[in-house]
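What follows is a short report on a single structure.
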Amino acid sequence: MLDFNKIAAKWQREWERERIFQADAGNRKKPKYYVAIVYPYMSGLLHLGHLFTYTFSEIVMRYKRMKGFNVLAKYGYHCTGTPIIAAAQRVREGEKTQIETLKKMGIDEREIPKFADPEYWCDYFPKETLKDSKAMGFAIDERYAFRTTHLNPSYDAFITWQFNRLHEKGLVKKGKHPVVWCPKDNVPVGDHDRADGEGETPKDFIWAKFRLKDSDKYIMAGTTRPDALLGQTHLWVNPDVTYSVVEVNSEKWVVSREAVEKIGQQHSKARVIGEVKASELIGKWAKGPLVDYELYIAPAGFIESGVGSGIVYSALEDPIDLMECQRLQANPGMVKKYNLDPKVVQSLKPISIISVEGMGDNLGQEMLDKYRIKSPAEKEKLEEAKGELNRSVYRKGIMKKNCGKYAGLSVPEAQAVIKKDLLKSGDAVMFHELTGKVVCRCLTPCVVKIVEDQWFIEYNDPAWKEKAHECLGSMQIYPEVVRKQFDYVLDWLDHWACTREYGLGTKLPWDQNWVIESLSDSTIQMAYGTISKYLENPKDYGFSTEKLNDEFWDYVFHGKGEASHVSKSTGIPIKMVDTMRADFEYWYPFDFRNSAKDLIQNHLSFCIFNHVALFPKKYWPKAFIINGRIMVNNEKMSKSKGNFFTMRELYTKHGPDIVRLAAANAGEGIDDANYDMEFLETAKKKLTEVHEFISEHYGKGRENELAIDKWLESQINQNISNATECMEKMMFKSALYHSFLEMQRNLKWYMKRTRGRPNKKALKLYSESLTIMLTPFAPHFAEECWSAMGKKGLVSHEKWPGANQKAIEISLDKSEELIRSIISDIREIIRLANIEKPSKAILLVSPEWKHELFSKASRLMDENPDKVLKGIMQDTNFKAHGEEIQKILPKMVSSRKLPQAEISHAQELKVLKEAEDFIKDEFGLAIEIMDAEKSSEQKAKQAMPGKPAIVIK
RNA sequence: GCGGGGGUAGCAAAGCCUGGCCAACUGCGCUGGACUUAAGAUCCAGUCCCUUAGUGGGUUCAAGGGUUCAAAUCCCUUCCCCCGCACCA
């Protein structure tokens, strides 16, 4: 077995010595290709997930180099945001799992205290990441590597520029927004920080105000269906509850006790100024918005004081309200108990305000009937009925004539308009309620909080969205199916809270209390990556980055202003300023960026938005390549399952080439890929075999040329052609299949067919093509093979092979198929007929007229299947065989199964003759090949083109 | 709910856009054989059912219906599965 690590080290030294991956814009003769590798987050070492994603970038980088491009790889380390800080905090607290995680990465126990400092992470992991990348043989130019965060003043200046420009364009605004909030920790609680309630979000409600008669108090009732206010009939309160009276903006609101805190979170401070028992409200009247009548206040058992305001208004088209109402009406005892007016109670009836196609005027009753609900106790059924009704109302409902100015609107339209009207008139206030219970990791139940003074990037700006769509339309998206997803996301993105109160990152330039959030500071960093070589190593170029300012970036990215002026204000020599400008112009835009699909709905879409806002069209992104997530042996990768691997573990154990091959072979497209640990071993064996084969056979072999040699040549060229096509389509697994696995299979057959006597020229073509095509996948190994062939220079410098179309001959494939099927048939016959000691196989090639017959028949078939028979029978050439044709042809025509007549009679004979020895060896039989017409065997008639009759004796 | 992607032989996974060469690429697994002291590896053969001195027949590509001379592939309906829905990298 080859020592893949040894090979890797050897060739990495060579590459290093020749600096073959240094990317310089000076090389302008070549077209450029800019790969914006997605940068890893520096909260740990690279792992298998990174490896998979990076393999795509890596393959394309090397491939494009071999296609003659000047390739730049953007390479960096992501350090902004909260995860590093949080992890450092955990180290400080001595949390076991965090410390274990660090230990597993090979960090010495004594070193671990250093990780209590977030900045140490930002130093340590970039270094280790670079080490790993080089050990993997990634074709990167480390001079360009950069870190994000304020620890890197150049990057800091770059982000400052970005936000100043966005701000100037009016795309960053201050506002407020609802978040799920932990009242104990005082932080927003994202999905992953929850002990319970994943997926729950704040939902819009409105609380409508119902003025209590002869009072200055408002009864507040929440609703998600403001349209139903038009059909309001009365109010429900929970008879056993004592409500609070709170003062909000000098109004007095009646709400449940539980609601008081919510008001405080979402509105100005709520001051409790009194209490009122439900019994004091029941039987009174109140006046709500939109209608001109007053509502009676009634008791209901289903009202939960913890939901909404603890009071609801009733619209009797709702099955739950209706059921409750019917119970009350049928229960004089209750009416008496609560001292209600029986006349009023009996007068309550549904007001029909919405027409729904296929339904009548009493929607609530219809649903009760449909679900056969008899009592309010049947809660589940009631919920279902309500749900179904709401759905059909939402989809098909139209506001009826009695809805005044809202008449004729569809229900969603009416909801939107009414909501707006009510909020404007002050008859209702906006409220957010969680869609379900959320519990923070600290076990505190969460609430909705309105965050004030938050800065947003206004991705909801319609003009901006339109431009983003335009950009997407001009981009290549691989695989194409993801485009729809992007389209949706671009529309869906709302304003994005882009600042945090704490975390690593650049300070918001005009409001230094805020730190720019981590997804927002990495949307156009590919532009920085074109000139990071200079900015990260200014001393090497004789300048300093201390005084970088917005003017500098304006000049470099937009050519705005004067180089001399920029030079004066930044202290950077004019020549350097212009060099950077030129480099940017040369490299930008980026041509390739790949990532796992999780980044579609944020990072990649942000990237589009920010580019269209900050750069002219010619610098907009060119292509996104989306890959699935990686699984290990068909299981999700996770630390708890023990199938979590750092990249370092993998390449140390198996060598980088093997690890890369397995990654390339894991999958392509958007489906989750599978990293097959067994393939690692298979790959080692296969590569070792290849190396042995090449070392042994290259430059040797016979000189004379047989058909089988042409066949191999044809196959090689087909493989080149297929592999190239796959490479261009970014389908690297398929590319690997054609360039490597298929090639190997072909070789095996070839060696067998030539009985170990290959042709020298064919082998040369094979070895060279294979080695070159393997270079993007297993570059060290390819170098090793290249040198084993005695080649001077590096295979990394070779051109990707072009397929010689002339060498591709389908008829050669057909010939091989013929041989294969004959062998398999002979074997089958021997087996079935149980022939103990066969001595001879006679192969009877179908007569020439049959070849002619079927090639003509298939021509006729393409024209008109109905006329095949007639056409043939009219042809005098076939007259002599009329009877036989009548027997076989009609059936074949009707089933559309004609024998293939691609190989002529003469060719068929020739092919068989040439393979005679091969077949003989295969079975140890004497072989006789003859024209079926000249044979007296019964079987001879069965011979068809491409299917000789076989007689075993 | 909204949006997206899927359902193919024991498993995994191609094919579907551009219908026919599809009983359906390929890998794994399984069965038998060769090699070997043995195991592993490797190699050869087989692996939907029936039939058979091969090239024959039947039933398959979630389910049902349709278009067509012809459907895994096109159209319609139904069922089921996966992913995303944010302030987080």
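What's counted below: heavy atoms across the whole structure, side chains too, no hydrogens, waters or symmetry copies. Per chain, numbering begins at 1; letters A, B, ... match sequence-line order.
For the residue pair D461(A) and H495(A), no side-chain donor N or O sits within less than 3.5 Å of a side-chain acceptor on the partner. Side-chain atoms of E678(A) and N633(A) include no donor-acceptor pair closer than 3.5 Å. Between the side chains of E908(A) and H851(A), at least one donor N or O lies within less than 3.5 Å of an accepting N or O. Side-chain contact of R483(A) with Y478(A): a donor-acceptor pair under 3.5 Å is absent, judged by distance alone. Under 3.5 Å, the side chains of W496(A) and E517(A) contain a donor-acceptor pair of N or O atoms.
A distance of about 36 Å separates the P atoms of C80(B) and C28(B), rounded to the whole Å. With both ends at atom C1', the span from C74(B) to U18(B) equals 11 Å, rounded to whole Å. Spacing between G64(B) and G3(B) at atom C1', rounded to whole Å, works out to 27 Å. Rounded to the nearest Å, the gap between the P atom of U68(B) and that of A63(B) is 23 Å. Atom P of C75(B) sits at a distance of 33 Å from the matching atom of A86(B), rounded to the whole Å. Here the separation of A23(B) from C61(B), taken at their P atoms, is 14 Å to the nearest Å. Distance check on atom P: G40(B) versus C30(B) gives 10 Å, rounded to whole Å. Nucleotides C11(B) and C17(B) have their P atoms positioned 26 Å apart, rounded to a whole Å.
Looking at heavy-atom distances under 4.0 Å, R483(A) makes no contact with the nucleic acid at all. Among the heavy atoms of the strands lying under 4.0 Å from P948(A) is at least one base atom, whether or not backbone atoms are also near. Within 4.0 Å (heavy atoms only), S522(A) reaches no atom of the nucleic acid at all. Within 4.0 Å (heavy atoms only), N674(A) reaches no atom of the nucleic acid at all. Among the atoms of the strands shown, only primed sugar atoms or phosphate atoms (P, OP1, OP2) are found under 4.0 Å from some heavy atom of K484(A). Note on Q454(A): nothing from the nucleic acid sits closer than 4.0 angstrom, heavy atoms only.
Between the CD atom of E668(A) and the P atom of A13(B) there is a distance of 13 Å, rounded to whole Å. For the pair I600(A) CD1 and G5(B) C1', the computed distance is 11 Å after rounding to whole Å. We find that CG of N746(A) is positioned 14 Å from C1' of U26(B), with the value rounded to whole Å. A straight line from CD of Q485(A) to P of G5(B) spans 8 Å, rounded to a whole angstrom. Separating the CG atom of L844(A) from the C1' atom of A53(B) is a distance of 14 Å, rounded to the nearest angstrom. When rounded to the nearest whole Å, the span between CD of Q718(A) and P of C25(B) equals 18 Å. L434(A) places its CG atom 12 Å from the P atom of A86(B), with the value rounded to the nearest Å. Straight-line distance from the CG atom of L493(A) to the P atom of G84(B): 16 Å, rounded to whole Å.
Nucleotide G64(B) forms a pair with C76(B), judged by Watson-Crick or G-U wobble geometry with both contacts under 3.5 Å. When both distances must be under 3.5 Å, the Watson-Crick or G-U wobble mate of A45(B) is U31(B). Across all strands shown, G1(B) forms a Watson-Crick or G-U wobble pair with C85(B), both key distances being under 3.5 Å. Base pairing of A12(B) is made with U26(B), judged by Watson-Crick or G-U wobble geometry with both donor-acceptor distances under 3.5 Å. Using N1 to N3 plus N6-O4 or O6-N4 for Watson-Crick, or N1-O2 and O6-N3 for G-U wobble, each under 3.5 Å, C17(B) pairs with nothing.
Positionally, the nearest nucleotide of RNA chain B for Y488(A) lies more toward the 5' end than for the other of Y488(A) and Y41(A). Mapping V482(A) and D598(A) onto RNA chain B by nearest heavy atom places V482(A) at the nucleotide closer to the 5' end.
Ring pair Y77(A)/Y39(A): centre-to-centre distance not below 6.0 Å. Two rings, from Y41(A) and F125(A), have their centers 6.0 Å or more apart.
Among the nucleotides C25(B), A86(B), C21(B), the one closest to the side chain of Y737(A) is C25(B). For D671(A), taking side-chain heavy atoms from C-beta onward, the closest of the listed nucleotides G5(B), C87(B), A53(B) is G5(B). Looking at the side chain of V481(A), the nearest of the listed nucleotides A53(B), G5(B), A86(B) is G5(B). The side chain of I829(A) lies closest to A53(B), out of A53(B), G84(B), C88(B). Residue R629(A) places its side chain closer to C83(B) than to any other of C83(B), C88(B), A53(B).
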Within the 4.0 Å limit for protein heavy atoms, which parts of nucleotides 38-47 of chain B are touched? Write it as a string from 5' to 3', B for base, S for sugar-phosphate only, - for none.
---SSS-S--
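Checking side-chain atoms of S605(A) against main-chain N and O of V489(A) turns up no donor-acceptor pair under 3.5 Å. Side-chain atoms of E668(A) come within 3.5 Å of backbone N or O of S734(A) as a donor-acceptor pair.
The minimum heavy-atom distance linking I830(A) with P838(A) is given by the pair CD1-CG, 4.1 Å.
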